[in-house]
Amino acid sequence: MKERLHQHVKKILAELSYPSIDIIFDRPKVAAHGDLTTNVAMMLAKSLGKNPRQVAQSIVEKLDAKSLMLSSIEIAGPGFINFKFAENYVVEQAKEILRAGDKFGASDAAHGKKTNVEWVSANPTGMLHSGHGRQVILGQVIANLLEWTGHKVTREYYFNNAGNQMRNLAESIYARYRQALGDDYPFPENGYQGEYITEIAQEIIKEKGSSLRETDSERIYFKKYGEEWCFKRIKATLSRLGVQHDVFYNEDSLYSEGKIQEVIQAFREKDLVYDQDGAVWYRATKFGADKDRVIVKSTGEPTYRLPDIAYHREKYRRGFELIVDIFGADHIATIPDVLSGVTALGFDTSKVKVIIHQMVSFVNGEEVVKMSKRNAKTYTLDELIDEVGVDAVHYFFVMRSVGTHLEFDIALAKEQSDKNPVYYLQYAHARIASLLRFAQQEGFKIEDRTAMLNATDFSLITSKEEIDLLKKLLEFPEIVQSCALTYEPHRLTTYLREVAETFHRFYHEQRVINDDKKLMQARLTVCLLTKIVIANGCKILAVSCPEKM
RNA sequence: GAUCCCGUAGCUCAAUUGGAUAGAGCAACAGCCUUCUAAGCUGUAGGUUCCGCGUUCGAUUCGCGGCGGGAUCACCA
């Protein structure tokens with residue numbers, strides 16, 4: 001419809017020899033303003049030196065509502081032109097939902113664009129904590145959205161099992177191991193405090209006894225054991241949430257395959273690095289940073305910046321046309337250096353989309369849940385899932401815009417009542433499922449979409465509640481598209497809430513189970529359409545849709 | 001001190017990316033179940049969109065300056 005109107009208006013502007021401008025159609029906030037609106041008249045008014053309402057009038061005169069399947073075209077306010085869809089148009093469009101079924105909302109807009117989404121990427125030095133949840137879910141939903149809009153998505157996890165952090169892990173485990181053996185052994189100053197370290201040490205004692213008391217200085221066994229232990233748990237947590245990465249990219253391979261050296265070499269050729277105090281410095285100030293950065297320490301070890309740059313170069317080399325990185329706000333400082341480095345290497349950073357989400361705080365009703373890294377007691381993501389359930393975790397982490405600090409209310413997420421937005425949505429789905437079950441017993445062929453389509457007399461769908469609902473459902477593809485384009489999944493939750501609300505109102509006003517079988521069939525179809533949209537939306541959010549509640 | 005994010009109803013947040021009368025949920029108040037799931041629906045009340053200036057037909061949205069909150073500013077990742 002938008003397309004069609006766009007063409008018509010464009011033609012009219014030409015006929016009236018008005019200047020050609022971007023014609024934009026929006027969905028008005030207020031329903032009374034119709035289904036679509038455009039501000040072209042106001043945009044044109046200035047350059048034409050005319051009253052915007054007059055301009056609007058001249059355009060509207062040339063539009064024929066009926067042939068465009070509109071019930072009205074009106075000029076309103078300062079010069080908006082408002083369009084209202086004819087009911088038969090809405091109903092006709094709604095058939096598409098039934099035809100497309102679980103594909104409704106999907107598109108090939110991106111034409112199979114090779115896209116890499118990297119997220120989580122926690123090093124295997126511990127379990128995922130509750131704060132990680134936001135990133136875990138955000139990445140999952142963004143990857144889904146991109147897939148739904150025609151991207152060919154590779155889900156990627158980047159990790160480092162070498163370097164300082166892992167050494168620290170190994171030392172921490174070793175210290176606990178010695179302590180558990182009764183030795184008076186000091187715990188490293190910045191060691192990992194968590195109880196899991198002791199747990200790992202205990203396991204090692206079980207397997208190896210005290211035989212590792214005098215181990216090599218690298219603590220190879222402890223490092224390896226700790227890494228595997230942590231990774232196993234990280235993957236298990238991700239799996240509980242339905243998160244599957246296609247590629248686990250190991251930072252080590254950047255060294256073993258010489259990629260790190262290549263980057264340094266390339267930088268040297270471009271005079272982007274220099275040596276000082278035994279370290280190699282990157283001229284970050286050339287790209288607006290306040291000071292230059294070390295990329296190779298005097299110990300000969302690179303800082304994280306260098307492998308990050310090399311890693312991103314590999315993403316380009318692997319042929320990705322869109323590179324999506326999802327980071328928490330705590331990583332914000334690293335991004336400019338990586339981007340400038342990649343630019344310096346001759347790659348187009350407009351292909352990189354960095355999504356930075358703000359931090360999460362947890363409250364339990366009134367009480368603030370304290371969480372600190374220094375403290376031995378951390379609140380793991382697993383514990384959060386245990387407490388509030390998989391669906392609430394999915395929904396809550398994605399329901400706020402990424403730019404704002406997220407407050408996660410555990411008490412609310414746990415609540416199995418109307419207070420909880422997840423249940424509101426799921427309840428609508430379960431309600432529909434219950435109706436359809438009943439209808440099936442009555443002999444309606446609700447499983448067969450084609451049969452439903454053919455059996456339905458769509459002209460019986462006339463009530464305001466039904467038309468409102470269908471209009472809402474028809475917005476779905478556009479919502480998916482714009483959520484993907486803006487990387488703003490929270491708008492999908494807002495939309496689905498509206499769908500559920502519009503459905504509940506319809507349910508309340510219009511009885512579905514009916515003596516009039518024709519009417520019942522028509523309303524069952526409306527229910528089925530709603531169920532399709534909710535189910536598809538929930539699939540993107542990775543939230544389950546119960547048939548019963 | 002610098003950089004980035006945020007500031008909207010009592011609380012948690014939306015606002016179609018510059019549109020018309022700023023909307024939801026929770027909390028408060030008043031109604032709706034002999035019939036399809038009341039985990040629902042309807043209504044009432046609640047606002048100087050942190051402050052000021054600017055840009056324009058039009059600003060919660062853009063720009064500048066304040067104020068307040070968060071994150072980050074390592075030869076840690």
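Sequence lines set the chain letters: A, B, ... in the order given, protein chains first and strands last, and positions in each chain run from 1.
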Does [X] reach a base, just sugar-phosphate, or nothing at all? Heavy atoms under 4.0 Å.
X      : result
A/A279 : base
A/S434 : base
A/D277 : base
A/D515 : nothing
A/K291 : sugar-phosphate
A/L435 : base
A/T486 : base
A/V512 : base
A/F438 : nothing
A/A289 : nothing
A/T494 : sugar-phosphate

Check your understanding: Is it the case that A/Y192 and A/Q165 place a side-chain donor and acceptor less than 3.5 Å from each other?
Key ->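 On atom types as modelled, these side chains qualify, holding a pair under 3.5 Å.
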Check your understanding: Can a donor-acceptor pair be found between the side chains of A/N82 and A/T37 at a distance below 3.5 Å?
Key ->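 Yes, A/T37 and A/N82 have a side-chain donor paired with an acceptor closer than 3.5 Å.
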Taking any strand in view, what nucleotide pairs with [N] in a Watson-Crick or G-U wobble way, both distances under 3.5 Å?
N     : result
B/C29 : B/G43
B/C4  : B/G70
B/G65 : B/C51

**Study point:** Under 4.0 Å protein heavy-atom contact, by nucleotide of nucleotides 39-50 of chain B - B base, S sugar-phosphate only
**Key:** BBSS--------
Exercise for review: Check whether any side-chain N or O of A/K297 sits under 4.0 Å from OP1 or OP2 of B/C76, and answer yes or no.
Suggested key: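 A/K297 to B/C76 OP1/OP2: side-chain N or O found under 4.0 Å.
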Exercise for review: Would you confirm whether the ring centroid of A/F327 sits within less than 6.0 angstrom of the ring centroid of A/H357?
Suggested key: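 Aromatic pair excluded; centres sit 6.0 Å or further apart.
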Practice item. Select from A/R511 and A/E407 the residue whose nearest nucleotide in RNA chain B is closer to the 5' end of that strand. Key: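 The residue mapped nearer the 5' terminus is A/E407.
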Review point. Taking for each residue the nucleotide of RNA chain B with the nearest heavy atom, is it A/T37 or A/H490 whose nucleotide lies nearer the 5' end?
Key: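 This one resolves to A/H490.
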Review point. When the ring planes of A/F248 and A/F159 are compared, do they come out parallel, tilted or perpendicular, using 30° and 60° as the limits?
Key: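 Answer is perpendicular, since the angle exceeds 60°.
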Check your understanding: Should the pair A/Y157 and A/H245 be assigned to parallel (<30°), tilted (30 to 60°) or perpendicular (>60°) ring geometry?
Key ->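 The rings of A/Y157 and A/H245 stand perpendicular, inter-plane angle above 60°.
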Review point. Is it true that a side-chain atom of A/R491 and a backbone atom of A/I479 form a donor plus acceptor pair closer than 3.5 Å?
Key: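 Pair absent, no side-chain N/O of A/R491 close to backbone of A/I479.
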Point to revise | Backbone of A/V280 reached by a side-chain donor or acceptor of A/D275 within 3.5 Å | key: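 Checking the backbone N and O of A/V280 against the side chain of A/D275, no donor-acceptor pair under 3.5 Å is found.
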Exercise for review: Provide the distance between the two P atoms, one in B/A14 and one in B/C76, to the nearest whole Å.
Suggested key: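 The same atom, P, in both gives a distance of 37 Å.
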Check your understanding: Under 5.5 Å between ring centres and under 30° between planes: does that hold for A/F80 against the base of B/A20?
Key ->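 A/F80 vs B/A20: stacking yes.
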